There are 4 protein chains.
Amino acid sequence: MRKKFTEKQIYILDVAEELIAKQGYEGTSVRDICSKAGINVAMISYYFGSKEKMMSYLYQYRVLKTRENFSEFADTIKDGKPEMQMKEIIKYIVGQLFKYNYFHGFVTQELRHTDSVKNELLDFYQLFVRKLDDVIKKGVASGVFTFTPKPEDVLTTIIGSTLFVIRNRNFYEMYVPNKDEETYAKEAEKKVRMNLLLSIFAILGYAAD
Amino acid sequence: MRKKFTEKQIYILDVAEELIAKQGYEGTSVRDICSKAGINVAMISYYFGSKEKMMSYLYQYRVLKTRENFSEFADTIKDGKPEMQMKEIIKYIVGQLFKYNYFHGFVTQELRHTDSVKNELLDFYQLFVRKLDDVIKKGVASGVFTFTPKPEDVLTTIIGSTLFVIRNRNFYEMYVPNKDEETYAKEAEKKVRMNLLLSIFAILGYAAD
Amino acid sequence: MRKKFTEKQIYILDVAEELIAKQGYEGTSVRDICSKAGINVAMISYYFGSKEKMMSYLYQYRVLKTRENFSEFADTIKDGKPEMQMKEIIKYIVGQLFKYNYFHGFVTQELRHTDSVKNELLDFYQLFVRKLDDVIKKGVASGVFTFTPKPEDVLTTIIGSTLFVIRNRNFYEMYVPNKDEETYAKEAEKKVRMNLLLSIFAILGYAAD
Amino acid sequence: MRKKFTEKQIYILDVAEELIAKQGYEGTSVRDICSKAGINVAMISYYFGSKEKMMSYLYQYRVLKTRENFSEFADTIKDGKPEMQMKEIIKYIVGQLFKYNYFHGFVTQELRHTDSVKNELLDFYQLFVRKLDDVIKKGVASGVFTFTPKPEDVLTTIIGSTLFVIRNRNFYEMYVPNKDEETYAKEAEKKVRMNLLLSIFAILGYAAD
DNA sequence: AATGAATGAGCGTTCATTCAT
DNA sequence: CATGAATGAACGCTCATTCAT
């Protein structure tokens with residue numbers, strides 16, 4: 001059963017997420033979070049039980065939101081052609097990772113502690129895998145795709161490449177025209193998306209006509 | 001000029017690397033490291049000056065080793081055909097990441113502190129970019145490759161996908177036949193390598209004959 | 001503007017002062033102070049920020065108190081005759097040094113660190129110098145004193161002699177009749193005061209009639 | 001029985017004395033001393049047994065030297081008139097304190113630990129007390145002095161005033177014409193000596209004619 | 001006779017958490 | 001419901017000292 005969060009709790013989770021993504025879980029003290037959030041140091045234990053539980057709730061909360069979001073998204077593309085669906089999925093995943101990079105930045109790094117929680121991420125990834133599987137199969141059946149790469153590998157390429165770009169900004173920005181804080185993210189996102197589109201459509205043996 | 005390390009220092013760095021990769025820099029105490037290494041708590045300050053300097057040395061040491069290793073590798077493939085070279089590069093990078101995943105697991109996460117050090121990593125990545133660029137251009141010139149994807153994007157796909165697999169074992173192991181501790185790594189490495197080969201050769205428009 | 005201290009802070013400062021006067025700043029650990037005060041080791045950082053800042057506050061606090069105290073004292077003698085005033089000043093300074101010897105015991109020894117703080121002590125000493133100057137000049141003008149020794153030298157003799165007695169108890173107690181813990185201080189104070197009265201009135205060429 | 005010191009030990013003691021006088025006993029680490037002396041960190045334990053014992057030896061050594069020195073001095077004045085002797089004693093004590101202020105600067109501050117050692121200082125002070133007593137009595141007998149102040153009080157005034165000046169340089173230098181590092185000490189010494197001469201001859205009721 | 005590697009204890013400080021209000 | 005004072009444990013580090021050579 002999942003926890004319902006109050007507005008204040010959500011606010012704290014947002015602050016915590018940002019700091020933790022920047023500084024790491026251990027590198028972010030409860031005092032940091034509370035100070036930035038303008039609340040009492042005792043509040044995190046008070047609201048969430050402990051720092052670690054807060055982390056768990058933060059995780060839960062973001063997964064929940066992302067699931068809901070993905071459902072909505074899946075709906076919007078359900079009637080499209082496979083190649084369009086694939087293109088939209090790539091765009092969606094890349095976009096979400098860039099938008100919530102705070103979250104995804106720590107999700108695989110900081111959750112060393114809570115194994116239970118990892119299963120939720122698993123379920124979540126499998127949502128994507130299943131969706132990709134559908135699209136690939138449908139495309140192959142309709143003849144628009146030639147090959148059938150494993151959906152988990154396609155997902156791996158999408159998420160892996162995007163996270164690498166996000167986490168290695170000082171590397172990737174050398175190849176991105178605009179480097180100022182505001183536009184970099186947009187340019188980088190575009191570049192990695194283009195790369196993934198080419199790469200994945202190539203491996204699918206997409207026969208554009 | 002770079003520091004030379006004694007055997008004992010290297011031993012400590014190895015222990016530290018493993019723990020830090022698992023638990024993060026802040027999550028790994030000096031006491032943890034010394035306890036696991038069977039040495040006195042004072043030794044890290046004694047040998048390296050401080051925990052942070054140790055981190056820097058660890059980084060330096062591993063980059064140094066990897067550079068040397070890459071030079072040797074580059075030599076062994078310098079006379080091959082482009083498609084063979086590309087295949088070997090992919091195999092090499094994936095293999096190195098799996099072998100030294102301890103190191104690469106934290107390299108982009110834990111080095112928030114030392115900007116100077118990031119530049120070394122940058123130089124290092126650019127070694128790969130240049131090599132990939134050479135190979136792609138040569139392949140296109142000789143007609144074996146049809147397209148010219150950006151080398152930085154190819155590198156991004158290779159490293160990103162591999163790290164994702166390494167860091168999300170509990171996801172990827174669902175699609176890997178053997179899951180026991182010993183053989184998993186080997187199987188996962190093979191799977192991700194195959195995926196990358198297909199993916200990158202597809203995007204290169206490789207015309208096998 | 002100066003910091004206001006809570007009762008608990010003042011209590012800790014008192015404990016710290018006593019220990020530091022006995023054992024020196026470096027020789028007194030935070031654990032010593034907290035243990036004697038019956039509080040947690042974290043409290044000194046908690047209340048004062050750090051051990052060093054605590055030292056600074058301790059100094060500030062005592063100077064403040066002593067200044068206030070001196071103002072009151074100066075008022076009580078302002079209408080007396082110069083010889084009476086001089087006598088009272090000597091009595092007052094000696095008395096204060098004996099009473100707050102903990103503080104004066106370290107004031108010139110332990111404040112190697114904080115130059116800023118030394119200026120406050122300087123101002124403080126100059127208060128005495130000015131007052132002594134007034135009294136001497138008035139006494140000479142009225143004919144009750146014959147000579148005009150420098151006020152800074154008079155102060156030097158008063159404070160120097162008294163501190164020497166306080167700090168070299170095992171020397172001075174040989175010449176003091178009662179040596180038990182309770183009465184020694186009183187006897188020693190009386191003896192040094194008598195010596196200073198004789199000495200300073202002699203140098204002033206005091207013509208008693 | 002007293003220890004005999006080798007040249008190297010004396011050298012180390014000299015270095016230690018200077019540092020300890022500046023920074024205090026606790027504020028001076030064995031590493032500081034050894035580093036400044038250009039010797040191995042283990043040497044202090046090796047030569048003296050421990051840091052604390054070294055301190056004790058340092059003390060012993062300086063007292064020994066000062067005793068010998070005083071004997072020589074006492075000889076040179078033994079045939080003079082009491083007023084000349086008194087003048088020379090004051091000059092001698094003040095001079096010694098200024099010359100060996102390193103030593104005297106910590107003698108009453110840092111020897112909190114070693115009670116045994118304090119007795120030696122006691123003996124030493126009593127040498128002065130006896131000498132002063134002789135001179136005073138002789139002067140009174142010969143009619144050149146009128147009063148008989150206690151010799152321990154005279155000594156207290158001499159040592160106390162001088163040490164105060166040495167330890168509170170930033171106070172006293174306000175009243176000293178030359179303040180540069182080289183000449184300050186000389187000027188301050190002269191000023192405090194003049195003050196003591198006036199003060200003590202006044203209290204002795206010295207009838208110059 | 002002297003070294004330098006290594007130790008264990010203790011340092012000042014910060015941590016997440018608790019508790020009385 | 002929320003606070004802020006207070007806690008004990010752990011942190012990275014430096015200390016005087018020891019020990020094998």
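The figures that follow rest on heavy atoms only: side chains count, while hydrogens, waters and symmetry mates do not. Treat the numbers as computed from the prediction; the structure is a model and nothing was measured. So that the names make sense, note that chain A is the first sequence line, chain B the second, and so on, each numbered from 1.
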Heavy-atom check, side chain of D/Thr28 versus side chain of D/Lys22, under 4.5 Å
no
Could you check how far CZ of D/Phe48 sits from P of F/dA16, rounded to whole Å?
15 Å
Tell me every residue that passes salt bridge (charged side-chain N to carboxylate O under 4.0 Å, His left out) with D/Lys36, counting only those two or more places apart in sequence or in another chain.
D/Glu18
Taking NZ from B/Lys53 and C1' from F/dT14, how many angstroms apart are they, rounded to a whole number?
14 Å
Nucleotide F/dG4, atom P - distance to CE of C/Met43 in whole Å
15 Å
Return the polar atom pairs (N/O with N/O) between nucleotides 17-21 of chain F and the protein under 3.5 Å, or none.
unit_1	atom_1	unit_2	atom_2	d
F/dT17	OP2	D/Lys51	N	2.6

With under 30° as parallel and over 60° as perpendicular, where do the rings of D/Phe48 and D/Phe5 fit, or are they tilted in between?
tilted
I want to check one thing: is the phosphate of F/dC11, taken as OP1 and OP2, less than 4.0 Å away from some side-chain N or O of B/Ser29?
yes
Starting at CE of C/Met54 and ending at P of E/dG12, how long is that distance when rounded to a whole Å?
9 Å
Before giving the answer on side chain to side chain contact (heavy atoms under 4.5 Å, CB included), spell out for D/Ile44 and D/Cys34 the whole-Å C-alpha distance, their side-chain angles and the decisive distance to 0.1 Å.
CA-CA 8 Å; D/Ile44 280 180; D/Cys34 292; 3.9 Å; yes
Between F/dA2 and A/Tyr47, is there an OP1 or OP2 to side-chain N/O distance shorter than 4.0 Å?
yes
Atom CD1 of A/Ile33 and atom P of E/dA16 are separated, to the nearest Å, by 8 Å
Could you give the CD-to-C1' distance, from B/Glu26 to E/dC15, as a whole number of Å?
12 Å
Ion pair check, C/Asp14 and C/Arg62, cut-off under 4.0 Å:
yes
Kindly express the pairing pattern of DNA chain E in dot-bracket notation, using | wherever a base pairs with another strand and counting only Watson-Crick or G-U pairs under 3.5 Å.
.||||||||||||||||||||
Taking atom CD of A/Glu7 as the centre, does the number of heavy atoms from other residues, nucleotides or ligands within less than 6.0 Å exceed 12?
no
Spacing of B/Gln23 atom CD relative to F/dA10 atom P, expressed in whole Å:
15 Å
Spacing of D/Met55 atom CE relative to F/dA16 atom P, expressed in whole Å:
13 Å
Answer yes or no: is there a side-chain heavy-atom contact under 4.5 Å between A/Met43 and A/Val30?
no
Looking at B/Tyr25, is B/Lys51 sitting on its ring face, NZ or CZ under 6.0 Å from the six-membered ring centre and within 45 degrees of the normal?
yes
Heavy-atom distance under 4.5 Å between the side chains of C/Asp32 and C/Ser29, does that happen here?
yes
Residue whose nearest DNA chain F nucleotide is more 5′ - B/Thr28 or C/Ile39:
C/Ile39
